[in-house]
Number of protein chains: 2
Amino acid sequence: MSGRKKTHFAILGLLSWQPMSGYDIKKMVEIGISHFWNENYGNLYPTLDQLVQDGFATKTEDASSGKRKRYVYEITPEGQNEFMRWVQEPTSAPVVRNEMQLKFFLASRLPTRINLKNIQSYQAQQLQQLAEYRSSETILRAALEEKEFPKEIEPLLNAGHVRLSRKQKHRQLKVLLLSLRHGILAIEARIQWCKEVIEVLPD
Amino acid sequence: MSGRKKTHFAILGLLSWQPMSGYDIKKMVEIGISHFWNENYGNLYPTLDQLVQDGFATKTEDASSGKRKRYVYEITPEGQNEFMRWVQEPTSAPVVRNEMQLKFFLASRLPTRINLKNIQSYQAQQLQQLAEYRSSETILRAALEEKEFPKEIEPLLNAGHVRLSRKQKHRQLKVLLLSLRHGILAIEARIQWCKEVIEVLPD
DNA sequence: TCAGACATGTAAGTCGTTACATGATTCA
DNA sequence: TGAATCATGTAACGACTTACATGTCTGA
């Protein structure tokens, strides 16, 4: 495990695509990968400065005429190496702490209806989430078949000035869809669990 | 959301079963629920003291003759209320941060084989985990049918002096099995995802 | 003209982990 | 007798979150 924090690598990875500002990074995370990743400014800006100090990125004021102050970060060759190293190094399993499961376990000596009620609202929550993912999936699939191209995902395909080739866009969309697929499968598993529990818990 | 930290409630919940020492709590978490919860001493002992200060638990030196110093914590009625409140209050979805998914996404513009290699080792990791869960499942199921009763799970059925009735043990084992089932379904979903990705990524 | 998006940052706090420190008891 | 387990704790750090603070630009 590298001693560095994850935000460090997340930023580096995004900068490896193209130069961006802190604000751009935040937006990109929100729009594209919020179902498995998040960043917040309180962490983002200090980490960007750290990256510059460590020589993994450079900071330049973007002084396009008529635009407000804006700093664009660009990855350095050292940063690229650092990123490549991280991508290829083994990923440690995340520390698990599932509050829902904890409740289920701890409440097992309480009346069954309490547990049942919790499971039901968990299930409802998951079903809602599933619906949202499915609709995102539909949008992405349509984009892949080039029926239409929703502007919400634009920033993921070219944040800044660089434009992706048709082939690159296609690939990018495919990865986005596969990421989403992970979320969908995970949710379906949880819903399945709820079903099973609701069935067998009362006896 | 309650403003309190989760360790606070985890401890309270375990104490709601029976009085225990910090060491007992740690053991119980490790043996029984480590696949969805963890605690460490650095957090455990200070939180126990906090619980006492807040009037949710009492601390008593257990001076059984010939035994070394040991503090046993017991939940108070206020603690019980606090626990019951938490169990019944809505559970907020955990903040997601999946490093594996992040790598998959960020590396999408790199050569496919890098991503493929990562997915494969992720899959191997999950398969191993699955095997472990399945063997735990077998043990618990055997215990449920009273074919045998492994001593590893004893602490979960009576940590301390209190003994559960036959019926209570049965119920407890069932909950343990269902918790494990959640882990198994989640892992199977991840393995399924790996299979799908390995199939479609190369084109 | 004013709401909403653009844009950058700091301070304080929470939560949790790791490493360290210490010593008693049990059992092979 | 010595390794494993029992048992309690602290200090320092690391990672991330929340709330606050400030101001600009754009388009309806």
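Just so we're on the same page: letters track the sequence lines, and every chain starts at 1.
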Which residues pass the salt bridge (Lys or Arg N to Asp or Glu O under 4.0 Å) test with B:E188, sequence neighbours left out?
B:R134
Side chain of A:R97 - closest among D:dC6, D:dG9, C:dG16
C:dG16
In this structure, how many angstroms lie between the C1' atom of D:dT17 and the NZ atom of A:K26, rounded?
11 Å
B:Y23 side chain: which of D:dC6, C:dA5, D:dG9 is closest?
D:dC6
Side-chain N or O of A:Y45 closer than 4.0 Å to phosphate OP1/OP2 of C:dT8:
yes
Residue-phosphate contact under 4.0 Å: A:T7 side-chain N/O, D:dA15 OP1/OP2
no
Round to a whole Å and report the spacing from CD1 of B:I31 to C1' of D:dT5.
12 Å
Ordered by number, residues from residues 47-58 of chain A within less than 4.0 Å of DNA chain C (heavy atoms) are none
Would you tabulate the pairs of protein nitrogen or oxygen atoms and nucleotide nitrogen or oxygen atoms of nucleotides 20-23 of chain D closer than 3.5 angstrom?
| unit_1 | atom_1 | unit_2 | atom_2 | d |
| --- | --- | --- | --- | --- |
| D:dG23 | N2 | A:R68 | NE | 2.9 |
| D:dG23 | N2 | A:R68 | NH2 | 3.2 |

A:Q88 side, atom CD; A:M84 side, atom CE - distance, nearest 0.5 Å
5.0 Å
With sequence neighbours excluded, residues passing side chain to side chain donor-acceptor pair (under 3.5 Å) with A:S21
A:D24
Students often get this wrong, so: under 4.0 angstrom with heavy atoms, is B:K59 touching a base, only sugar-phosphate, or nothing?
sugar-phosphate
With nearest nucleotides of DNA chain D determined for B:G22 and A:N40 from heavy-atom distances, which residue corresponds to the more 5′ nucleotide?
B:G22
Any side-chain N or O of A:Y41 less than 4.0 Å from the OP1 or OP2 oxygen of C:dG9?
no
Write down the distance between CZ (A:R70) and P (D:dC25), rounded to a whole number of angstrom.
14 Å
Just to verify, what does B:R181 make a salt bridge (Lys or Arg N to Asp or Glu O under 4.0 Å) with, not counting sequence neighbours?
A:E196
Going by atom types alone, do A:S16 and B:R109 pair a side-chain donor with an acceptor below 3.5 Å?
no
For B:Q125, side chain to side chain donor-acceptor pair (under 3.5 Å) partners two or more places apart
none
Can you name the residues that form a side chain to side chain donor-acceptor pair (under 3.5 Å) with A:T91, not counting sequence neighbours?
B:K103
Any A:K69 side-chain N or O less than 4.0 Å from OP1/OP2 of C:dT8:
no
Any residue meeting salt bridge (Lys or Arg N to Asp or Glu O under 4.0 Å) with A:R97, in chain and number order, not counting sequence neighbours:
B:E39
List for me each residue that meets salt bridge (Lys or Arg N to Asp or Glu O under 4.0 Å) alongside B:K195, sequence neighbours excluded, and say none if there are none.
none
For B:F83, the ring-ring contact (aromatic ring centres under 6.0 Å, His included) test, sequence neighbours excluded, returns none
Output the rounded distance in Å from CG (B:L44) to C1' (D:dA7).
12 Å
Residues two or more places apart in sequence or in another chain: which of them pass side chain to side chain donor-acceptor pair (under 3.5 Å) with B:H8?
B:E82
Atom-to-atom span, CD of B:E30 to P of D:dA4 - whole angstrom:
16 Å
What is the distance from CD1 of B:I25 to P of D:dC6, rounded to the nearest Å?
15 Å
Does the gap between the ring centers of A:H182 and A:F36 come in under 6.0 Å?
no
Nearest to the side chain of A:S21, which nucleotide is it out of D:dC16, C:dT8, D:dC6?
C:dT8
DNA chain C nearest-nucleotide lookup for B:N43 and A:Y71: closer to the 5′ end is A:Y71
For the helix from C:dT1-D:dA28 to C:dA28-D:dT1, what angle separates the axis at the start from the axis at the finish, each from five pairs, in steps of 10°?
30°
